[in-house]
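Each chain gets a letter, A, B and so on, in the order the sequences are listed, and its residues count up from 1.
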Protein chains: 2
Amino acid sequence: MSQSITRGGSSTSKKEEQAFLEAYRPGDYARPSVTVDLVIFTIKDGALAALFVTRGEHPWKGALALPGGFLRVGKDRAEQGEDLVDAARRELSEETGLSDARIYLTQIGAFGKPGRDPRTRVISVAYVALVRPELAQKTVGGGDATHAQFLDVSKPHKLAFDHGEILAAARAFVQRELLVSSIAFELTPETFTIQELRGTYEVILGEPLDPGNFRKRFLRMLEEGIIAETREMRRTPSKPARLYRFAKRNRS
Amino acid sequence: MSQSITRGGSSTSKKEEQAFLEAYRPGDYARPSVTVDLVIFTIKDGALAALFVTRGEHPWKGALALPGGFLRVGKDRAEQGEDLVDAARRELSEETGLSDARIYLTQIGAFGKPGRDPRTRVISVAYVALVRPELAQKTVGGGDATHAQFLDVSKPHKLAFDHGEILAAARAFVQRELLVSSIAFELTPETFTIQELRGTYEVILGEPLDPGNFRKRFLRMLEEGIIAETREMRRTPSKPARLYRFAKRNRS
DNA sequence: GTAATAGTGTCTTTTAGACAATATTTC
DNA sequence: GAAATATTGTCTAAAAGACACTATTAC
């Protein structure tokens with residue numbers, strides 16, 4: 001915003017500002033469309049999977065795409081529409097039926113290269129959602145009779161628009177975040193064994209972890225109170241394993 | 001984007017898509033304005049400082065604000081306007097006169113709460129720029145006869161719009177990034193002593209660091225080739241100190 | 001010499017990684 | 001008992017933090 005040179009911080013009257021706002025008319029320069037796109041991750045069949053929809057219309061008709069939609073913008077100054085994160089929650093709910101506010105959802109950035117959508121200039125604000133596997137199975141994307149489906153992200157898919165780039169950014173975000181916060185639990189069932197949690201880590205990081213060494217990390221989290229023991233055991237093909245549950249976040 | 005249920009990935013003809021695009025007319029639902037706002041950091045007088053402008057117009061007339069401006073959006077499909085990061089570079093250049101493409105500039109996210117600008121719905125994409133102190137002094141913001149000025153961010157300032165929130169996010173971003181990448185060098189003169197680099201770390205982290213322990217970290221970076229020794233020494237009030245220079249990034 | 005700051009060394013604790021070994025259950 | 005895997009333990013190396021100490025220069 002180019003500023004005229006006015007200094008000294010003279011407090012201007014509320015009345016004057018009111019008059020300014022009344023007189024304000026939006027310029028007629030072009031505005032972009034703003035969409036909110038979601039990378040909804042879950043663990044499916046032992047792999048990191050994301051929800052994709054098949055496009056039914058041009059452009060990119062028939063191609064896989066990330067779920068998303070237009071940000072709802074109000075018509076006047078008093079009603080300016082919905083917040084970005086609310087639009088993301090709404091999309092999440094529409095695509096999966098999941099409206100639980102506890103589901104992890106966070107913004108990872110804006111993507112807005114000119115030409116990314118051939119129809120018009122679009123700025124997409126991307127969000128990452130993490131859905132526990134038992135919840136994901138119950139959603140629209142859980143079955144495969146619908147247009148939305150969870151697919152293994154380690155397998156290459158031809159995606160519409162620049163959604164491949166957004167997906168890559170989302171994977172990088174989750175990998176980085178895994179090392180500093182408790183997001184692994186957002187992709188793990190309510191109760192889990194040490195090995196099951198290790199599986200989640202392995203799937204996100206894309207590499208195997210030593211069971212003994214992972215156990216040490218796990219026990220540290222237990223001491224810190226991030227994880228709590230339960231009385232139950234999980235039956236396995238061999239020796240049963242203790243079940244634990246997530247107790248508290250290690251950072252807000 | 002709501003999808004009609006079409007499956008099977010039948011590849012559609014280019015001609016059909018072309019026809020679709022020709023017929024496409026943007027809907028008349030409201031679009032938001034999109035701006036790019038910058039948090040331009042430097043080190044000034046031994047403190048982390050950011051560039052602020054004084055608003056000359058309503059709303060928030062007379063208040064401090066982050067420099068920023070509207071994203072330029074083209075009028076038609078063929079010419080969709082400038083990229084987000086190009087808009088950020090343009091603003092950086094306009095506000096500081098610095099057009100060097102080597103200046104660190106990266107996006108930290110989109111801010112778009114309804115009501116953040118009383119005039120109309122605005123989505124702001126925020127960028128962080130890091131400017132070396134010797135460069136910052138030469139800029140418009142270096143003196144204080146202009147409307148743009150670098151101010152110590154650890155002192156509270158009443159900022160326009162939600163710019164306080166954006167500034168806080170930018171500071172958090174830089175602090176996190178300091179621990180994993182080489183951004184400290186983006187705020188350090190070309191050549192520097194160990195103590196001077198430590199000063200940069202201290203100013204960003206907001207806490208003192210042990211000189212002996214920091215030296216060990218420093219020497220590790222020297223071994224890794226991130227830093228290189230020079231032949232020069234810096235004269236100090238007491239024992240002179242060796243000068244080093246930044247050699248290579250530790251991650252792209 | 002004295003003050004100031006550059007630079008070195010020591011000790012402890014934490015964490016990670018590689019990897020061997022033991023324990024307990026199902027079958 | 002055999003197979004599987006949960007669990008424990010050992011050794012090494014890297015890194016961080018606290019803190020005392022030495023070296024070299026300006027004045």
Side-chain angles (χ1 to χ4, degrees), chain A residues 46 175-182 184 188-189 191-246 250-251, chain B residues 46 175-182 184 188-189 191-246 250-251:
Chain A
Q175 286 189 3
R176 256 183 291 117
E177 208 62 13
L178 180 69
L179 306 175
V180 294
S181 74
S182 316
T188 308
T191 60
F192 49 85
T193 67
I194 300 184
Q195 322 306 326
E196 285 165 2
L197 185 67
R198 176 164 59 87
T200 301
Y201 272 72
E202 288 177 337
V203 154
I204 296 174
L205 296 177
E207 60 183 17
L209 298 174
D210 180 273
N213 293 336
F214 186 80
R215 162 169 272 268
K216 279 190 292 190
R217 282 170 73 172
F218 190 96
L219 294 181
R220 263 196 302 274
M221 289 194 268
L222 193 59
E223 274 182 33
E224 291 172 44
I226 297 169
I227 296 167
E229 211 174 288
T230 74
R231 290 181 185 170
E232 295 145 272
M233 305 292 280
R234 164 97 71 229
R235 285 176 55 93
T236 74
S238 63
K239 178 176 174 180
R242 179 160 301 281
L243 282 170
Y244 299 84
R245 61 180 174 76
F246 177 51
N250 61 356
R251 72 165 207 188
Chain B
Q175 286 189 2
R176 256 182 291 116
E177 208 63 13
L178 180 68
L179 307 175
V180 294
S181 75
S182 315
T188 308
T191 60
F192 48 86
T193 67
I194 301 184
Q195 322 305 326
E196 284 164 2
L197 186 66
R198 176 166 57 87
T200 301
Y201 272 72
E202 289 177 337
V203 154
I204 295 174
L205 296 177
E207 60 182 17
L209 298 173
D210 181 273
N213 293 336
F214 186 81
R215 164 170 271 266
K216 279 190 292 190
R217 283 170 72 172
F218 191 95
L219 293 180
R220 244 177 280 137
M221 291 194 269
L222 193 60
E223 273 182 33
E224 290 172 43
I226 298 169
I227 295 167
E229 211 174 287
T230 74
R231 290 182 185 170
E232 295 145 90
M233 304 292 280
R234 164 96 71 228
R235 284 176 55 91
T236 74
S238 62
K239 179 176 174 181
R242 179 161 301 282
L243 282 170
Y244 298 85
R245 63 181 173 74
F246 178 51
N250 60 356
R251 72 166 206 188

Next on the checklist: Holding to side chain to side chain contact (heavy atoms under 4.5 Å, CB included), I want the full list of residues that pass it with R220(B), two or more places apart in sequence or in another chain.
Outcome noted: K216(B), R217(B), E224(B)
Checklist entry - Do the side chains of L222(B) and Y244(B) get nearer than 4.5 Å, heavy atoms only? => result yes
Checklist entry - Given side chains that start at C-beta, do those of T188(A) and F246(A) come closer than 4.5 Å, heavy atoms only? => result no
Checklist entry - Say you draw a straight line from CD of E232(B) to CG of L243(B); how long is it, rounded to the nearest 0.5 Å? => result 6.0 Å
Next on the checklist: Among residues 238-245 of chain A, which ones have heavy-atom contacts with DNA chain C below 4.0 Å?
Outcome noted: S238(A), K239(A), P240(A)
Next on the checklist: With rounding to the nearest 0.5 angstrom, report the OG1 to CD distance, T200(A) to E196(A).
Outcome noted: 8.0 Å
Next on the checklist: Show every salt bridge (Lys or Arg N to Asp or Glu O under 4.0 Å) that has at least one partner inside residues 200-214 of chain B, sequence neighbours left out.
Outcome noted: R198(B)-E202(B)
Next on the checklist: Could you measure the distance from the CD atom of Q195(A) to the CZ atom of R234(A)? Nearest 0.5 Å is fine.
Outcome noted: 11.5 Å
Checklist entry - Sequence neighbours excluded, which residues qualify as side chain to side chain contact (heavy atoms under 4.5 Å, CB included) partners of L178(B)? => result I183(B), A184(B), Y201(B), I204(B), L205(B)
Checklist entry - CG/L197(B) to OG1/T191(B) distance, rounded to the nearest 0.5 angstrom? => result 12.0 Å
Checklist outcome for this item: In the 5' to 3' direction, the nucleotides of DNA chain C bounding the stretch that comes under 4.0 Å of a heavy atom in chain A are dT15(C) to dT26(C)
Next on the checklist: Both N213(B) and R220(A) contact DNA chain C. Taking the nearest nucleotide for each, which residue is further toward the 5' end?
Outcome noted: N213(B)
Item to check | Straight-line distance of R242(A) CZ to R231(A) CZ, nearest 0.5 Å | outcome: 10.5 Å
Checklist outcome for this item: Of R215(A) and P237(B), the one whose closest nucleotide on DNA chain D sits nearer the 5' end is R215(A)
Checklist entry - Between which nucleotides of DNA chain D, read 5' to 3', does contact with chain A run, using atoms under 4.0 Å from its heavy atoms? => result dA4(D) to dT10(D)
